[in-house]
**Student:** 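Below is the structure I would like to discuss, written out as structure tokens.
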Number of protein chains: 2
Amino acid sequence: MTLEGRKKNILQAIIDDYIETAEPVASKSLLSRHQFNLSSATLRNEMSDLEQMGYLEQPHTSAGRVPSDKGYREYVDSLMRIDHLSDVQEEEIRQRINSSFSELAQLLKNASSTLSEQTGYISVALTPRLRSSYLKQLKMMMIEPGKVLVVVVLSAGVVKDKLVRIPDFLTAEQLFEVSNAIELGLCGLSLEDITLVTITSAVKDTPIPDAILNQVLFEAYTAIKQADHLELYMDGSHRLLSLPEFRDVDRAKNVFDTLSRDGIVAGYLDNLSGRKAPDGTYMIRIGQEIALQGMSDCSFVTTTYNVDDKIVGNIGVIGPKRMDYSKVVSQMNFVRVLIDKHLKNDNNRTEDIG
Amino acid sequence: MTLEGRKKNILQAIIDDYIETAEPVASKSLLSRHQFNLSSATLRNEMSDLEQMGYLEQPHTSAGRVPSDKGYREYVDSLMRIDHLSDVQEEEIRQRINSSFSELAQLLKNASSTLSEQTGYISVALTPRLRSSYLKQLKMMMIEPGKVLVVVVLSAGVVKDKLVRIPDFLTAEQLFEVSNAIELGLCGLSLEDITLVTITSAVKDTPIPDAILNQVLFEAYTAIKQADHLELYMDGSHRLLSLPEFRDVDRAKNVFDTLSRDGIVAGYLDNLSGRKAPDGTYMIRIGQEIALQGMSDCSFVTTTYNVDDKIVGNIGVIGPKRMDYSKVVSQMNFVRVLIDKHLKNDNNRTEDIG
DNA sequence: ATTTAGCACTCGAAGACCTTGAGTGCTAAG
DNA sequence: CTTAGCACTCAAGGTCTTCGAGTGCTAAAT
């Protein structure tokens with residue numbers, strides 16, 4: 001069931017206005033801001049219909065109308081047109097993102113802060129899910145006796161490392177041998193397939209004494225497992241307090257409390273599935289649809305960036321339900337495209353991105 | 001000029017009460033909460049004196065008294081007694097901090113979140129100032145053609161690395177040679193002494209073609225410089241909204257805006273100098289004394305942890321001026337001690353911290 | 001010379017009450 | 001089906017009042 005012509009236009013106009021003003025939209029003010037060939041009375045009738053259909057809500061009898069979650073849903077699904085960014089905006093974003101260093105973490109931090117700055121809302125970026133990427137190299141570099149840097153190179157071109165301790169009687173030569181054995185045994189295995197069991201069996205018939213091997217194995221294992229760890233970068237939480245809907249401290253607190261709970265948002269993004277845009281690029285959750293405690297006053301817009309065909313991560317924007325969806329979607333998509341390009345070029349070693 | 005006996009006790013009682021209740025302290029309620037052998041009238045006279053002396057303020061005529069910045073200053077300087085943590089608390093903190101991985105960043109993140117959780121305020125941790133540490137090792141490890149991991153090992157036992165690109169016609173052997181030359185030329189130099197000039201001259205009479213050398217030099221340089229970069233970890237900003245003094249959105253916003261401005265707090269900590277506690281361990285800035293925009297409703301308690309004799313970093317707690325200073329100081333100091341031990345043991349490779 | 005009881009005074013907080021006007025829904029005519 | 005007109009509703013904001021917590025001062029008591 002979709003909306004008929006005039007009602008559709010009216011609903012769109014109402015939501016557009018509300019997004020801009022944050023004030024309940026009245027029949028008259030709607031008239032003055034748009035060119036309907038209608039009287040306010042007719043408009044009122046239509047608005048009353050739209051309310052009955054569940055697209056609008058009325059804070060109280062003598063107030064204008066406010067979009068309901070269902071109203072916003074209709075809006076993002078079939079009413080709004082995604083505007084495209086001005087050249088100036090594109091250039092600005094490009095500048096910021098392209099100034100990233102080559103590290104993935106830096107790229108994502110940068111993308112997140114750019115996105116938050118551009119939209120004025122909260123932005124998040126989640127590191128890619130590397131479970132299904134496979135191990136390409138594993139090097140162990142002795143920093144000093146007992147202290148080793150484990151460098152993990154994954155198929156997607158991602159490099160992670162971790163400083164670990166090993167027994168300090170191990171010589172650099174022994175370490176080199178063990179490290180090679182482990183690399184040889186594990187190379188080509190995907191992260192999700194590497195467990196303490198597989199890793200132990202993979203190296204078990206190497207000519208290295210078990211005593212030494214076992215001590216190093218475990219550290220190598222934790223280093224590899226850590227590469228799989230999802231990290232979330234969040235930016236711009238402070239901007240929430242500038243929005244009229246969050247002048248109420250308790251509402252803001254609800255959101256902050258959830259966002260600051262370790263792992264909640266990361267876990268959420270990791271499990272995302274649901275309504276995508278028709279073109280499959282972005283995804284919008286409105287109010288209750290975000291099934292997270294205390295987030296029902298917000299909307300959450302997300303998209304997926306690609307490291308390679310299989311390996312993906314997410315970026316997203318969290319703002320009030322009354323967010324400027326069309327701007328957010330276009331900006332987020334642009335940032336996503338830049339991240340994709342960056343990662344692609346990164347792996348191909350070409351220059352001049354953008 | 002320091003405070004005489006009775007006034008001193010009264011001031012202390014008032015501030016203790018205010019810290020606990022967040023309500024202006026009245027003569028009667030003060031009487032009921034403490035055992036003074038005095039009437040409320042006498043108390044009122046004393047309180048009036050204390051106000052005239054600048055230690056107290058009155059929000060309005062018919063309200064109780066509230067400590068002024070000067071009052072808090074007197075309190076932290078000579079009134080409060082630092083309480084010591086219960087065994088349970090100590091154990092709790094120890095558990096959390098000792099679960100840190102060996103990476104410095106992880107240790108600081110962990111310390112910061114522990115500190116915020118324990119105090120209920122905002123906590124910060126700044127990575128150590130490594131300017132004066134010197135280069136011990138510089139290794140460049142070829143990940144794949146054109147992609148190199150630069151590992152920088154510093155005197156203080158700190159290891160940093162950075163992924164860089166180099167021209168992809170360089171072979172692993174060439175890279176190895178160049179890297180060794182750079183290491184040889186720079187080893188023992190402190191970070192602040194390493195500039196593009198010194199680095200260039202340090203390697204200029206090695207038998208490697210300039211064309212190759214120069215391309216790698218710059219990347220090595222940026223990797224080294226990056227090791228010097230200060231990183232700030234902050235935790236618990238959301239807790240601010242639970243405090244009665246920040247129910248006012250605009251106050252909270254002031255603080256958030258400043259804290260979220262990139263580099264502001266890090267720069268502030270980096271430049272810290274001023275009133276230390278008698279024993280030189282911690283430092284308290286109250287209200288205006290924090291010379292940062294919008295922070296005049298807060299106090300900032302900081303201390304310094306040691307990586308080695310010369311290399312230090314900071315941790316701190318930001319809360320309302322009405323913070324529980326004695327608890328904060330003792331908790332922060334305990335965390336500092338744990339960090340110190342961790343870092344020391346880390347460099348000595350001994351186990352069982354705490 | 002302090003201390004204290006007593007009392008008048010102040011002033012914010014909270015509630016009652018009123019007014020205003022933006023906005024609606026309904027009705028009856030176009 | 002649309003619209004003009006009107007009665008109705010109700011939050012926001014202003015004014016007034018009350019209430020009481022808390023003070024400062026004065027004069028007596030120690």
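Residue numbering restarts at 1 for every chain, and letters A, B, ... go by the order of the sequence lines.
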**Student:** Rounded to whole angstroms, how far apart are CG on N37(B) and C1' on dT3(C)?
**Tutor:**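 One finds 12 Å between C1' of dT3(C) and CG of N37(B), rounded.
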**Student:** How many Å lie between CD on E46(A) and C1' on dC26(C), as a whole number?
**Tutor:**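 In whole Å, dC26(C) C1' and E46(A) CD are 16 Å from each other.
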**Student:** Go through dG20(D), dT2(D), dT24(C) for me and flag the one nearest to the S62(B) side chain.
**Tutor:**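 Of the options given, the side chain of S62(B) lies nearest dG20(D).
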**Student:** Which whole-number value in Å describes the distance from M47(A) CE to dT24(C) C1'?
**Tutor:**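 In whole Å, dT24(C) C1' lies 9 Å from M47(A) CE.
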**Student:** With under 30° as parallel and over 60° as perpendicular, where do the rings of Y72(B) and Y18(B) fit, or are they tilted in between?
**Tutor:**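 Aromatic pair Y72(B)/Y18(B) classed tilted.
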**Student:** Take the protein atom CG of L56(B) and the nucleotide atom C1' of dG22(D), then report the distance between them rounded to whole Å.
**Tutor:**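 Roughly 15 Å, once rounded to whole Å.
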**Student:** Whole angstroms only, please: what is the CG-P distance between N45(A) and dC26(C)?
**Tutor:**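 Atom-to-atom, N45(A) to dC26(C), this comes out as 9 Å.
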**Student:** Among the candidates dT9(D), dC11(C), dA4(D), find the nucleotide nearest to the side-chain atoms of T61(A).
**Tutor:**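 The listed nucleotide nearest to T61(A)'s side chain is dT9(D).
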**Student:** Measure from the side chain of R44(B), starting at C-beta and using heavy atoms only, and say which of dG25(C), dT24(C), dC25(D) lies closest.
**Tutor:**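 Per side-chain heavy atoms of R44(B), the pick is dC25(D).
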**Student:** Whole angstroms only, please: what is the NZ-C1' distance between K28(A) and dT3(D)?
**Tutor:**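 From K28(A) NZ to dT3(D) C1': 13 Å.
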**Student:** Do the charged groups of D77(A) and R275(A) touch, with an N to O distance under 4.0 Å?
**Tutor:**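 So D77(A) pairs with R275(A) through a salt bridge.
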**Student:** Do the charged groups of E245(A) and R251(A) touch, with an N to O distance under 4.0 Å?
**Tutor:**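 Looking at E245(A) and R251(A), the cut-off is not met.
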**Student:** Please report the distance, rounded to the nearest Å, between CZ in R65(A) and P in dG23(C).
**Tutor:**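 Roughly 12 Å, once rounded to whole Å.
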**Student:** Could you tell me whether T42(A) contacts a base, only the sugar-phosphate backbone, or nothing, with contacts defined as non-hydrogen atoms closer than 4.0 Å?
**Tutor:**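 Counting heavy atoms under 4.0 Å across all strands, the contact made by T42(A) includes a base.
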**Student:** Are any side-chain N or O atoms of Q12(A) and backbone N or O atoms of Y75(A), one a donor and one an acceptor, separated by less than 3.5 Å?
**Tutor:**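 Judged by distance alone, no pair lies under 3.5 Å.
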**Student:** Can you figure out which of dC11(C), dG24(D), dA4(D) approaches the side chain of Q58(B) most closely?
**Tutor:**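 For Q58(B), the side-chain atoms sit closest to dG24(D).
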**Student:** From C-beta outward on H60(A), which listed nucleotide comes closest to its side chain: dA11(D), dT2(D), dT9(D)?
**Tutor:**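 The answer is dA11(D), which lies nearest to the side chain.
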**Student:** Round to the nearest Å and state the distance from E51(B) atom CD to dG22(D) atom C1'.
**Tutor:**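 Distance check: E51(B) CD to dG22(D) C1' gives 13 Å.
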**Student:** Among side-chain atoms of S32(A) and S29(A), is any donor-acceptor pair under 3.5 angstrom?
**Tutor:**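 No - no donor-acceptor pair under 3.5 Å links their side chains.
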**Student:** Would you mind classifying the nucleic acid contact of S40(B) as base, sugar-phosphate or nothing, using non-hydrogen atoms under 4.0 angstrom?
**Tutor:**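 If one applies the 4.0 Å heavy-atom cut-off, S40(B) turns out to touch nothing in the nucleic acid.
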